[in-house]
Amino acid sequence: MATISVKSEVTGSVWKVEKAVGDQVAKGETIMILESMKMEIPVDAPEAGTLKELKVAPEEPVEEEQELCLIET
Amino acid sequence: MLDRDLIPREMEGAGSGDSGSGDANIDEIHHRRRMAEKMGGEEAVQRQHDAGRLTVRERIAKLTDQKSFREVGTLAGSGEYDESHRLLNVKPAPYVAGLARIDGRPVAIGGEDFTVRGGTSFGALRRKGGQGGFIEDLAHHYRIPLVNLVDGAGGTVTSAKRRGYVVFPGVDGFERSVELLGEVPVVSAVMGTAAGGPAGRAILSHFSLMVRGTSQIFAAGPPVVKRSLGQDIDKEELGGARVAVDKAGTIHNAVDTEEEAFEQIRRFLSYMPQNVWDLPPVTDTSDPVDRCEDALASIVPEKRTQPYDMKTLLGHVVDAESIFELQPTHGKAVITALARLGGRPVGVIANNPKVYGGAMDADAARKQIHFMELCDTFHIPLIFFVDVPGFMVGLKAEEEATLREGMRAVYVAGQLSVPTITLVIRKCYGMAGMATCNKNDIDLKLAWPTGEWGSLPVEGGVAAAFRREIASAPDPKTREKELEAELRAYASPFRTAEAFAVEEIIDPRETRPVLCEFIALAEGRVSADLGPRRKAGVSP
């Protein structure tokens, strides 16, 4: 069991959160979608696991490198 | 000539095999070679292994073709003699150098021997390696690639005591290192902790790499940082791959093991000509040049705000398994990769819509500039896969001099002489869009039907250009949308093709056959245009 921190690659805002805490996610599955430079930027799970914690909510601004959620593998 | 009486007894019987040659001088060569092969001694070699690192001799053996290493300077070192001038021992020079072959092609290769005084410079009449070292002369005179295996911290203040004076910076200058960058491929692999001269030498290369966890690079290490700034920071935090590769782009690629580093060096060189007077090597490929890929027809989402995977797209176009990405973890808004089309090396520059919509930031601009200069120098045709909304915007971007770095990309693109193909996948806007064309060449601009372009995207542009009209409308939001829809109708790529302002709109499925044909044709042009790249002007 390891906890992976998923970080934002961009500065922008949270547009949609597609998964809820406790959900299973497959590797590469979209957890949330950010909005930056007028584009929808998907945040995909780097590994398969369980979504343990969400650190952001829709419409919240995010910075590059900001932690978005935790996945337990 | 060496008097036979002066040879120590254990040397009797020395030779290439177990039996001596019967000639004292020849025996002495082999005796001295064996001393060189011991490097810094068993303990020092063990320490190097315990740190998870190979010795420089093991590195050369693993990287190059079997038994291809022809060492030069084997006997250089500090000899110890007794009162009657009998040789007791030779401490080898802390640098191992020579000629070798990689995939059958000759290279000059050398590296610091960390087991001998930490790879620091030694007091000889001529430097073996590093800037101004003999290894650089080998690469220069024979016009062959240079591979630097960097594992040393450069000068040490103790050498001043030995010499009796301090050396002026630049006595062993970087002139030859600089000259080589316009002549032959130069690869630097940082295999240990590099600071000072070796760190600087590592940067003066076309392709550099380091090993995550076991190598670090910085201008100066933790003790100097502590003394100068009072900061406590360990060497991995200061100059590990996370900082030097991912964040700063000081070094191009990071790998997990030394073996992987050798693999990447071989891979990089496989795309390179031996020098700027040679054509890039063409290899056989089983991937048909007329392969059409149906997946390309639908890879770009209809919804303009949705990104797609540019790397998957590239994989469908170029020869199977031929993509080798440079700087994959830095400046990710642009992808720079060597690849092949019909077996011919090409340089691919592709915007990545998943990172800031592909907008060019300062890191991406610097990355693109280096790659354009690399391909231009070695006559490797460039293909731009364009999806760029413009320069990155915002306070951070302005603070990072995005406009200046971006215009440097435009400047370098404007000086390219290598054949270039521009293929617009989706967006091509503004000045960043101009950094994807090369009008010195045939200026061939191809586009997919999903292409769109202009001075700036309709969205932001409408708000600025029609500010009063929008503000005075009964429903400003609706009016803005109406104006956007009205202008977007003119943005159809087919209207631009009618005006012959893009040369062809292609069916995405036929991308590979079209590109393969133009790249094969480019070879004739390139072969008429070999030699060093011209230098001109002042980069902004």
Side-chain angles (χ1 to χ4, degrees), chain A residues 1-20 23-49 51-73, chain B residues 242-243 246-247 300-312 328-335 351-364 387-400 402 426-427 429-430 432 452 456-463 484 488:
Chain A
M1 291 283 260
T3 304
I4 298 176
S5 164
V6 182
K7 291 179 175 149
S8 176
E9 292 208 343
V10 297
T11 298
S13 58
V14 181
W15 182 49
K16 263 197 238 178
V17 179
E18 309 257 277
K19 296 280 168 188
D23 282 0
Q24 294 292 316
V25 289
K27 184 177 173 174
E29 203 177 349
T30 301
I31 301 165
M32 66 181 78
I33 300 171
L34 308 178
E35 195 182 336
S36 177
M37 292 294 285
K38 301 168 208 139
M39 293 290 284
E40 298 164 21
I41 311 292
V43 177
D44 300 338
E47 295 293 337
L51 187 59
K52 191 179 165 192
E53 193 182 342
L54 279 163
K55 301 264 186 181
V56 291
E59 292 187 27
E60 213 174 281
V62 292
E63 295 285 325
E64 209 174 301
E65 287 288 291
Q66 185 180 329
E67 188 166 75
L68 302 172
C69 62
L70 299 175
I71 295 174
E72 201 155 80
T73 59
Chain B
R242 196 191 63 80
V243 172
D246 307 343
K247 182 88 181 154
V300 176
E302 242 172 79
K303 202 173 163 199
R304 295 171 66 250
T305 52
Q306 278 175 355
Y308 52 92
D309 196 316
M310 182 60 98
K311 290 181 192 176
T312 305
T329 60
H330 175 77
K332 291 194 275 190
V334 71
I335 297 160
N351 308 106
N352 184 357
K354 283 188 174 174
V355 181
Y356 289 117
M360 182 185 275
D361 59 9
D363 287 346
D387 188 356
V388 65
F391 289 152
M392 186 62 196
V393 300
L395 176 61
K396 180 169 170 270
E398 303 300 344
E399 283 173 344
E400 289 172 352
T402 300
R426 188 141 76 174
K427 295 172 187 169
Y429 285 103
E452 50 169 295
L456 74 170
V458 166
E459 292 90 342
V462 163
E484 275 181 23
R488 193 164 291 127

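Scope of the values below: all heavy atoms of this structure, side chains included, with no hydrogens, waters or symmetry mates. So that the names make sense, note that chain A is the first sequence line, chain B the second, and so on, each numbered from 1.
- Proximity to chain B (any heavy atom under 4.5 Å) is shown, for A/Met39, by both the backbone and the side chain.
- Residues B/Met310 and B/Thr312 form no side-chain contact, since every pair of their non-hydrogen atoms from C-beta on lies 4.5 Å or further apart.
- A salt bridge is absent between A/Lys16 and A/Glu35; no separation between the charged side-chain nitrogens and carboxylate oxygens falls under 4.0 Å.
- Residues of residues 63-73 of chain A lying under 4.5 angstrom from chain B, judged on non-hydrogen atoms, are A/Glu64 in numerical order.
- Residues of residues 3-14 of chain A having a heavy atom under 4.5 Å from any heavy atom of chain B, listed by number: A/Glu9, A/Val10, A/Thr11.
- A distance-only check finds a donor-acceptor pair linking the side chain of A/Glu29 to the backbone of A/Ala26 [under 3.5 Å].
- The pair B/Glu452-B/Arg488 does not count as a salt bridge, with every side-chain nitrogen at least 4.0 angstrom from each carboxylate oxygen.
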Should B/Asp361 and B/Thr402 be marked as a side-chain hydrogen bond (donor to acceptor under 3.5 Å, both in side chains) after you check the CA-CA gap, both sets of side-chain angles, and the distance that decides it?
CA-CA 6 Å; B/Asp361 59 9; B/Thr402 300; over 6 Å; no

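- Annotation for A/Lys55 and A/Glu60: closest pair O-OE2, 4.0 Å, computed over non-hydrogen atoms.
- Using a 4.5 Å cut-off between heavy atoms, B/Lys247 makes no contact with chain A at all.
- Remark: side-chain polar atoms of B/Asn351 are paired, donor with acceptor, to backbone N or O of B/Asp387 under 3.5 angstrom.
- The two residues B/Gly390 and B/Ala432 have their closest heavy-atom pair at C-CB, 3.5 Å.
- When all heavy atoms are compared, the tightest approach of B/Tyr356 to B/Pro389 is O-CG, 4.4 Å.
- No donor-acceptor pair closer than 3.5 Å links the side chain of B/Asp246 to the backbone N or O of B/Val243.
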